[in-house]
Amino acid sequence: MGNRIIQPLSAIVLLLFCNYFYTESATATQSIHFLKPGDVFENDKPGLQIFCHSANTKYLIYMWKSLTIHLSTNIENYDLYDGKSPQEVMEKHDENQRSWNFNLFGIKKSNKLKINPFEDICIGVYVYPSNLHKYSLNITETRVDVSKLTLMVLGAIVYWSARKLSGNTVFYYLCGVTLGTTASIVILVYFISKLLPRGKIMYLMVATGWTMSFYIIQALWENAHLIAVQYKEWVIWYILLTSFISFVICYRFGPVTNARTKKLIEWFLQVSGLLTMYHSSYFREASIFSCIVIILLYNFPIVIIRKGRSYWKKMFPERRRLLTENEYRKEGIRETNKALNELKEYCVSPECNPWKTVLILKDPIRFARFMEGESHLSDDESREHDAEITRIIEDCEYTDDEDEYLHNSTL
């Protein structure tokens, strides 16, 4: 009797258990959305919604392609998560729910998020239960991202000009002023930390460790623009003062003159340029190939150009065009005049021995007349040449008439 009662109860529990998991699975599936460029999704429900984009095929023409997710909302109480898959986003969300409200596993709250178009990526938007939780999300595609292209060009220029920049005075002062201003901000933060009380607040910061430090740094960075706008005059005067002090220090020590120091600066600039080129495209293979190409062109420019030119001529040989009869006659006249002028220049130059030249010539008087500006041909030679040209023209006309007559007769 007891077994008969237990079996129906276990069946009911199993059905309820399966129904619960089926409902959870269906809810999780409904919260995952795969979007393409141009799609717009509007949501008015609280909770976690996951938006995914599948990786695109890599083509070289899409080297500077980028995708941007636009989130339109007036809500401030929401969390963002990123991951390679929906499961990774859910794990980050669950981990964040079990920890403090500091969204350490989430990404920065921003209305515009750039994503890699060549990788699978998911963005999770979690809205806390409230009266207002409506937002819209869409993806836009940029075939050529100007910022990415600018980074590529800037990195190539820095790498190629590293040797000149390492010894340039203007670049030295510019970097010195920038470094001095940045270092002054770090020193200012250090002295402000010295003014903090050593009581409970300091113990709390020590207890929380890097978590609190990361939160404070993130808050300061996000409010940097607000601080610069509200205290614009103070910020300007602070930058001017620190820039002037940095310029004075740089002027006191002067530009770098040591060859090894210049070489270290050159290497540092080249590495910075290559890193900039590498991060200028989501297509990592293409950016690495660009880095290799500029390294080869910088270190072996003549060899590569010659090899490329010979390979191009071998693969695509140039076709030699034959001269027409009119072009051949003009070329002959031009080259003959050129050779005669060169002969005159040689004969009047100190390199020529006139007496030895006279002994070789058959008709020195004719050569002397040629040097004085007369024609190099005699009257008989001119008449013979004209007669030969006339005979050739008549033969050509006769041949054409005969060919035309034979052609008509055949027809």
Side-chain angles (χ1 to χ4, degrees), residues 17-60 62-73 75 77-129 133-143 145 147-148 210-211 214-215 218 278-288:
F17 188 74
C18 293
N19 185 33
Y20 171 77
F21 274 97
Y22 176 77
T23 305
E24 290 291 327
S25 177
T27 304
T29 305
Q30 291 175 359
S31 64
I32 301 174
H33 313 277
F34 287 87
L35 299 180
K36 296 180 180 180
D39 295 345
V40 179
F41 180 84
E42 294 184 356
N43 179 65
D44 56 357
K45 299 177 182 179
L48 179 65
Q49 298 289 332
I50 301 175
F51 305 93
C52 298
H53 176 268
S54 301
N56 297 141
T57 306
K58 293 182 178 180
Y59 294 104
L60 193 60
Y62 298 140
M63 181 176 178
W64 293 290
K65 180 180 179 181
S66 66
L67 296 177
T68 306
I69 295 179
H70 299 269
L71 180 63
S72 300
T73 180
I75 308 171
N77 193 18
Y78 67 92
D79 294 331
L80 294 177
Y81 308 91
D82 65 338
K84 301 295 183 182
S85 62
Q87 291 75 17
E88 184 177 349
V89 173
M90 291 180 183
E91 290 175 1
K92 291 183 177 181
H93 169 67
D94 295 339
E95 186 67 24
N96 185 46
Q97 293 297 314
R98 288 193 294 266
S99 61
W100 286 7
N101 284 330
F102 300 132
N103 191 6
L104 302 178
F105 301 97
I107 59 179
K108 182 184 176 182
K109 294 181 181 180
S110 176
N111 293 333
K112 292 184 179 180
L113 305 173
K114 285 192 175 182
I115 61 175
N116 190 344
F118 306 111
E119 291 182 356
D120 294 333
I121 190 167
C122 294
I123 302 294
V125 181
Y126 178 75
V127 178
Y128 292 89
H133 41 252
K134 185 176 182 180
Y135 62 88
S136 63
L137 186 142
N138 68 306
I139 299 179
T140 58
E141 179 184 72
T142 305
R143 294 293 181 90
D145 194 335
S147 61
K148 298 290 184 182
W210 66 270
T211 305
F214 177 80
Y215 178 76
Q218 185 178 8
Y278 175 76
H279 291 286
S280 65
S281 173
Y282 292 112
F283 193 170
R284 298 305 185 192
E285 293 83 356
S287 59
I288 291 174

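On a predicted model such as this, the values are computed, not experimentally measured, just so you know.
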**Student:** I'd like to know if the side chain of D145 and the backbone of W64 have a donor-acceptor N/O pair within less than 3.5 Å.
**Tutor:**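 Not at all, since once roles are kept as given, no pair shorter than 3.5 Å links the two residues.
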**Student:** Hey, mind stepping through D79 and Y128 against side chain to side chain contact (heavy atoms under 4.5 Å, CB included) and telling me if it holds?
**Tutor:** CA-CA 9 Å; D79 294 331; Y128 292 89; 2.6 Å; yes
**Student:** Between Y62 and F283, is the ring centroid distance below 6.0 Å?
**Tutor:**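 No, the ring centres sit 6.0 Å or more apart.
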**Student:** Within a radius of less than 6.0 Å around CZ of F41, do more than 12 heavy atoms belonging to other residues, nucleotides or ligands occur?
**Tutor:**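 More than 12 within 6.0 Å, yes.
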**Student:** Looking only at non-hydrogen atoms, find the nearest pair between I32 and P86 and report the distance.
**Tutor:**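 Nearest heavy atoms, I32 then P86: CD1-CB, 3.7 Å.
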**Student:** Find out whether L137 and L35 are in side-chain contact, i.e. whether some heavy atom of one side chain is under 4.5 Å from a heavy atom of the other.
**Tutor:**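 The answer is yes; the side chains approach within 4.5 Å.
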**Student:** Determine whether a donor-acceptor pair (N or O, by modelled atom type, separation under 3.5 Å) exists between the side chain of S281 and the backbone of S287.
**Tutor:**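 Checking the backbone N and O of S287 against the side chain of S281, no donor-acceptor pair under 3.5 Å is found.
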**Student:** Applying the side chain to side chain contact (heavy atoms under 4.5 Å, CB included) test to I50, which of M90, E88, Q87 qualifies?
**Tutor:**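 Answer after filtering M90, E88, Q87: M90.
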**Student:** Can K112 and H70 be said to form a side chain to side chain contact (heavy atoms under 4.5 Å, CB included), step by step?
**Tutor:** CA-CA 5 Å; K112 292 184 179 180; H70 299 269; 3.7 Å; yes
**Student:** Where do K148 and Y282 land on the side chain to side chain contact (heavy atoms under 4.5 Å, CB included) test, with the steps shown first?
**Tutor:** CA-CA 9 Å; K148 298 290 184 182; Y282 292 112; 3.8 Å; yes
**Student:** Quick one: pull up OG1 in T140 and CG in D39 and give me the separation to the nearest 0.5 Å.
**Tutor:**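 With rounding to 0.5 Å, OG1 (T140) is 12.0 Å from CG (D39).
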**Student:** So, for V89 and G124, which heavy atoms are closest and what is the spacing to 0.1 Å?
**Tutor:**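 Reported closest heavy-atom pair: CG1-CA, 3.8 Å.
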**Student:** For residues V125 and Y135, determine if any side-chain heavy atom of one lies less than 4.5 Å from a side-chain heavy atom of the other.
**Tutor:**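 A side-chain contact under 4.5 Å exists here.
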**Student:** Using 30° and 60° as the class boundaries, would you call the ring planes of Y81 and H93 parallel, tilted or perpendicular?
**Tutor:**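 Plane angle over 60°, so perpendicular.
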**Student:** Just verifying a value: how many Å separate M63 CE and S280 OG, rounded to the nearest 0.5 Å?
**Tutor:**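 It is 5.5 Å, given to the nearest 0.5 Å.
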**Student:** Please step through side chain to side chain contact (heavy atoms under 4.5 Å, CB included) for the pair F51 and I139, ending with a clear verdict.
**Tutor:** CA-CA 10 Å; F51 305 93; I139 299 179; over 6 Å; no
**Student:** In Å and rounded to the nearest 0.5 Å, what is the CD to NZ distance from E119 to K58?
**Tutor:**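 Answer rounded to 0.5 Å: 7.0 Å.
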**Student:** Which distance, rounded to the nearest 0.5 Å, do you find between the OH of Y126 and the CG of L80?
**Tutor:**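 Result: 13.5 Å between the selected atoms.
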**Student:** Would you indicate whether the side-chain heavy atoms of I115 and I69 approach each other to under 4.5 Å?
**Tutor:**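 Yes, at least one pair of side-chain atoms sits under 4.5 Å.
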**Student:** So do I123 and H53 actually touch side chain to side chain, heavy atoms under 4.5 Å?
**Tutor:**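 With C-beta onward as the side chain, the pair stays apart.
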**Student:** Kindly give the heavy-atom pair with the smallest separation between N116 and F118, and that separation in Å.
**Tutor:**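 Taking every non-hydrogen atom into account, OD1-N, 3.0 Å.
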**Student:** OG of S66 to CZ of R143: how many Å apart, nearest 0.5 Å?
**Tutor:**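 Between S66 OG and R143 CZ, I get 11.5 Å after rounding to 0.5 Å.
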